[in-house]
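To start, the structure under review is shown below, and the notes come after it.
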Protein chains: 2
Amino acid sequence: MEGNSCIRLYADQAQIMACKSKLKAAEKAFASLSAVLSLAGNEVRLKILYLLEEEKELCPCDLSDILGMTIPAISQHLKKLKDGGIVQTQKDGQTVFYSLVKELLPIVKPFFTHINSETFKTEVT
Amino acid sequence: MEGNSCIRLYADQAQIMACKSKLKAAEKAFASLSAVLSLAGNEVRLKILYLLEEEKELCPCDLSDILGMTIPAISQHLKKLKDGGIVQTQKDGQTVFYSLVKELLPIVKPFFTHINSETFKTEVT
DNA sequence: TTTGTATTTAAGCAACTGCTTAAATACAAA
DNA sequence: TTTGTATTTAAGCAGTTGCTTAAATACAAA
């Protein structure tokens, strides 16, 4: 990628430089936030996060029943969420309980608020 | 997917049914929110949204310069954002200005708040 | 009209995603 | 120990994503 851009007269060079430096300053924040958003951007995983918020903790087996998916499929989603630092595990015998990591709640909670308000809002059609 | 779940003794059948019906009620909300999140979950698109919020409107050419990517790559990201209803266009001569759609701001704005607070917070390491 | 600029679209492709089935692992009860 | 349950891991694969380059389109100025 070199010099493919337009050769326009009216580009505001100062604006472009300012934008570049803003992005550079926030580089890490973009990487970590987009990682969380792309995890939550999968419908199955979004539902898992919502359920964990509602129920506090659930095991892969419960999630499999609730979502109507195979255990390995659920387990692989949970692994991604755990690797992404969004959920954590606690073992009790041979069952593993998954729950939301508190630190990520500020990002994730607004989603649930939105889900609930979309779902239970008064119909005005 | 049929009967692959565990055959556990202590499944709380009432809890599982309650979860299922909550999900069913919010089915549409999950679909539309996960679509928006997966769009914003791409780092390039997240930056585009952030820049549009900061600058009010930008053309593909500007974004190409700022992000250091080819025009077609940018244009294809913008198309996805437009198809997803997150951005809108306004034409002026031969340049096309992209801006955020107001209706989606409640979902998208918290991202920017998070980006800024992560970036400009006081270091407490 | 011809020429040039801004943007979009299309085709090709390597890389990634999310499922499937099968096998491996962890743990508990008999 | 053997047996069974809960979970994870691995391999295979169709489908999707996000870039590239090249071509098409839209519009304005000469």
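Chain A is the first sequence line, chain B the second, and so forth, proteins listed ahead of strands; every chain is numbered from 1. Here the structure is a predicted model, which means the values were calculated and not measured.
For DNA chain D, the neighbouring residues in residues 43-60 of chain A, judged by any heavy atom under 4.0 Å, are A/C59, A/P60. Contacts between residues 73-97 of chain B and DNA chain C, counted as heavy-atom distances below 4.0 Å, involve B/S75, B/Q76, B/K79, B/Q94, B/T95, B/V96.
In DNA chain D, runs of at least 3 consecutive Watson-Crick or G-U pairs, each pair with both distances below 3.5 Å, span C:1-30 with D:1-30.
By the salt bridge (charged side-chain N to carboxylate O under 4.0 Å, His left out) test, B/K82 pairs with no residue at all, sequence neighbours left out. Take A/K20 and apply the side chain to side chain donor-acceptor pair (under 3.5 Å) test, not counting sequence neighbours, and it matches no residue. Under the side chain to side chain donor-acceptor pair (under 3.5 Å) criterion, B/E27 pairs with A/K47, sequence neighbours left out. Under the side chain to side chain contact (heavy atoms under 4.5 Å, CB included) criterion, A/Q90 pairs with A/E57, not counting sequence neighbours. Under the rule for a ring pair (Phe, Tyr, Trp, His ring centres under 6.0 Å), the partners of B/F30 that lie at least two apart in sequence or sit in another chain are A/Y50. Every residue two or more places apart in sequence or in another chain that forms a side chain to side chain donor-acceptor pair (under 3.5 Å) with A/E54 is listed here: B/K22. Residues satisfying the side chain to side chain donor-acceptor pair (under 3.5 Å) test with B/D83, not counting sequence neighbours, are B/K79.
Residue B/N42 places none of its side-chain N or O atoms closer than 4.0 Å to OP1 or OP2 of D/dT17. Between B/Y98 and the phosphate of C/dA6, there is no side-chain N or O to OP1/OP2 separation shorter than 4.0 Å.
Here D/dC19 presents its P atom at 13 Å from CG of B/L63, a figure rounded to the nearest Å. Look at CD1 on A/I71: it is 16 Å from P on C/dA22, rounded to the nearest Å.
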Do any side-chain atoms of residues 93-104 of chain B form donor-acceptor pairs under 3.5 angstrom with protein atoms, and if so which ones, sequence neighbours left out?
from  : atom 1 : to    : atom 2 : distance (Å)
B/S99 : OG     : B/Q88 : NE2    : 3.3

Under 3.5 Å, side-chain donor or acceptor atoms of residues 35-46 of chain B against the rest of the protein: list the pairs with distances, not counting sequence neighbours.
from  : atom 1 : to    : atom 2 : distance (Å)
B/S38 : OG     : B/A35 : O      : 3.3
B/N42 : OD1    : B/V44 : N      : 2.9
B/N42 : OD1    : B/R45 : N      : 3.0
B/R45 : NE     : B/L39 : O      : 2.8
B/R45 : NH1    : B/H77 : ND1    : 3.1

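In this structure, the separation between CG on A/L67 and CG on A/D62 is 10.5 Å, given to the nearest 0.5 Å.
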